[in-house]
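Report on the following structure.
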There are 2 protein chains.
Amino acid sequence: MRSLTVCAALDPEELRRLADILQTVRVEANQTLFSEGDGADALYNVTAGTVKLYKLLPDGRRQITGFLVTGDFLGLAVNESYAYTAETVTTATLCRFPRKKIDALMDEFPKMQRRLFSMASNELAAAQDQMLLLGRKTAKEKICSFLLMLSQRAARRGHKENPVYVPMSRADIADYLGLTTETVSRTFTQLKTAGVISLQEGNKVLISDMDAIYDMAEGC
Amino acid sequence: MRSLTVCAALDPEELRRLADILQTVRVEANQTLFSEGDGADALYNVTAGTVKLYKLLPDGRRQITGFLVTGDFLGLAVNESYAYTAETVTTATLCRFPRKKIDALMDEFPKMQRRLFSMASNELAAAQDQMLLLGRKTAKEKICSFLLMLSQRAARRGHKENPVYVPMSRADIADYLGLTTETVSRTFTQLKTAGVISLQEGNKVLISDMDAIYDMAEGC
DNA sequence: CGAGCGATTGAACGCTCTCAAAGTGAGTGG
DNA sequence: CCACTCACTTTGAGAGCGTTCAATCGCTCG
């Protein structure tokens, strides 16, 4: 569901109008798309690569609120400003929709608005899952949930679910799960030693014991 | 913004149609409105009282994902099922909108859909703030952020921002902030001892040093 | 081959949790 | 009016998980 694009379920007429207003942008890895507090002048749709969203505390502590892949959108804003910073994890391509034009289009095509609403609802559900993870899960449960999420997301997008491609750094994973890089690294080592995963070339993680990962993700 | 109702910004015709389909329900404190996994057959709007939403892990660990007050809506669903349990904190009254009818109405009145989308966007922003809190803040920062949130929410709804009415139990606060009841209690005591808050009759917290609370909420 | 960055490993600390007990207050019934 | 219960809160002591600080490893790139 997360993986469907905004453009799905539109008829040709609507798609053509959408194509008229979008710009396609390609961004190298580790580049900032926009920063927390910037004027929110556009909505984006990821068409390739991975993007991370994060918020900072004054002293530099960071919380990554999501990793976005193909089909995910970003740029929803409150008070005309972005509430988070968006940065590429890998080289990425995105569709950029100027906000004014998309607003006008939403008025014209309720179907599109409905689609966007449905995506926001899904994001909200994902956010609640993440709160449960951050507030109540142990380090091992967090890592297992994370791997499972990546695996399921890949499957939904038609890729093979195992091994899982993990393009983000230990520091990014830590800031997503509310841990430190050391704890992330140690937990990976534990899972490796326990024989439930193994690390492969090219930032891939092979899940050898999917059932064990499932159980450990929820503390069973 | 959270405090505006779905019904705001509708014209009389739309309001009348909305009134036709809503049922008003009154629910005592500590009652379950619906449970995680239940078929999502209705959308609710809180008109009085406080409601909490939570998710559980198999072993009983609980994460409260939000406390809802007048104007907040609940019942957004994915896959036709509620993704969380909803329970009253205080006696509450709610407007109940059967899902089928609200869906039909949304198609008819794009303005309403837009309103709902905007509310979901705000919820999403709040969820991201909460992730930052859960993942990266200390116990003291969490408690201060919590009190500040309640204060600001009261102010937005036209109530006085200080003292803050805190109707939920220590256990609920703990499950909202990813702490234990003991830590919540100890942190309140610390803040009391430091002279920045004092507890009053009727579950109210007087913030004596608002600046200190602001600073402590973000670790300054 | 050396520099530099990220990942891993080690050791010790500390924040929060766990377990336990005492305190508080509202409600009940004698 | 008072004892009693029960649920919630507060406080205490000790333990543990994850952090902090530090060193080493391994890979990539110039």
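Letters go in sequence order (proteins before strands), and every chain restarts at 1.
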Quick one: is [N] close enough that its OP1 or OP2 comes under 4.0 Å of any side-chain N or O from [X]?
{"X": "A:T189", "N": "C:dT9", "result": "yes"}
{"X": "B:T181", "N": "D:dT9", "result": "no"}
{"X": "A:T183", "N": "D:dG18", "result": "no"}
{"X": "A:T180", "N": "D:dG18", "result": "no"}
{"X": "B:S169", "N": "D:dC8", "result": "no"}

_Cationic N near anionic O, under 4.0 Å, A:R62 to A:D172_ =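 The answer is yes: the pair qualifies as a salt bridge.
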*N-O pairing of A:R156 and A:E161 below 4.0 Å*: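 Salt bridge flag = no for A:E161 with A:R156.
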Atom-pair distance ([atom1] on [X]; [atom2] on [N]), nearest Å:
{"X": "A:Q190", "N": "C:dA7", "atom1": "CD", "atom2": "C1'", "answer": "16 Å"}
{"X": "B:F188", "N": "D:dC8", "atom1": "CZ", "atom2": "C1'", "answer": "14 Å"}
{"X": "B:R186", "N": "D:dG12", "atom1": "CZ", "atom2": "P", "answer": "9 Å"}
{"X": "A:R61", "N": "C:dC15", "atom1": "CZ", "atom2": "P", "answer": "13 Å"}
{"X": "A:Q200", "N": "C:dA7", "atom1": "CD", "atom2": "P", "answer": "18 Å"}
{"X": "B:I143", "N": "D:dT9", "atom1": "CD1", "atom2": "P", "answer": "12 Å"}
{"X": "B:R170", "N": "C:dT24", "atom1": "CZ", "atom2": "P", "answer": "15 Å"}
{"X": "B:K140", "N": "C:dT16", "atom1": "NZ", "atom2": "P", "answer": "10 Å"}

*asked:* Does B:R170 qualify as a cation-pi partner of B:F188, given the criterion of NZ or CZ under 6.0 Å from the six-membered ring centre and within 45 degrees of its axis?
replied: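 Geometry flag: set, cation within 6.0 Å and 45°.
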*Within the structure shown, what part of the strands sits under 4.0 Å from A:L199 by heavy-atom distance: base, sugar-phosphate, or nothing?*
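Sugar-phosphate: the residue A:L199, judged by heavy atoms under 4.0 Å, touches backbone atoms but no base.
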_With a 6.0 Å cut-off on the ring centroids, do B:Y176 and B:F146 count as close?_
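Yes: the rings meet the under 6.0 Å criterion.
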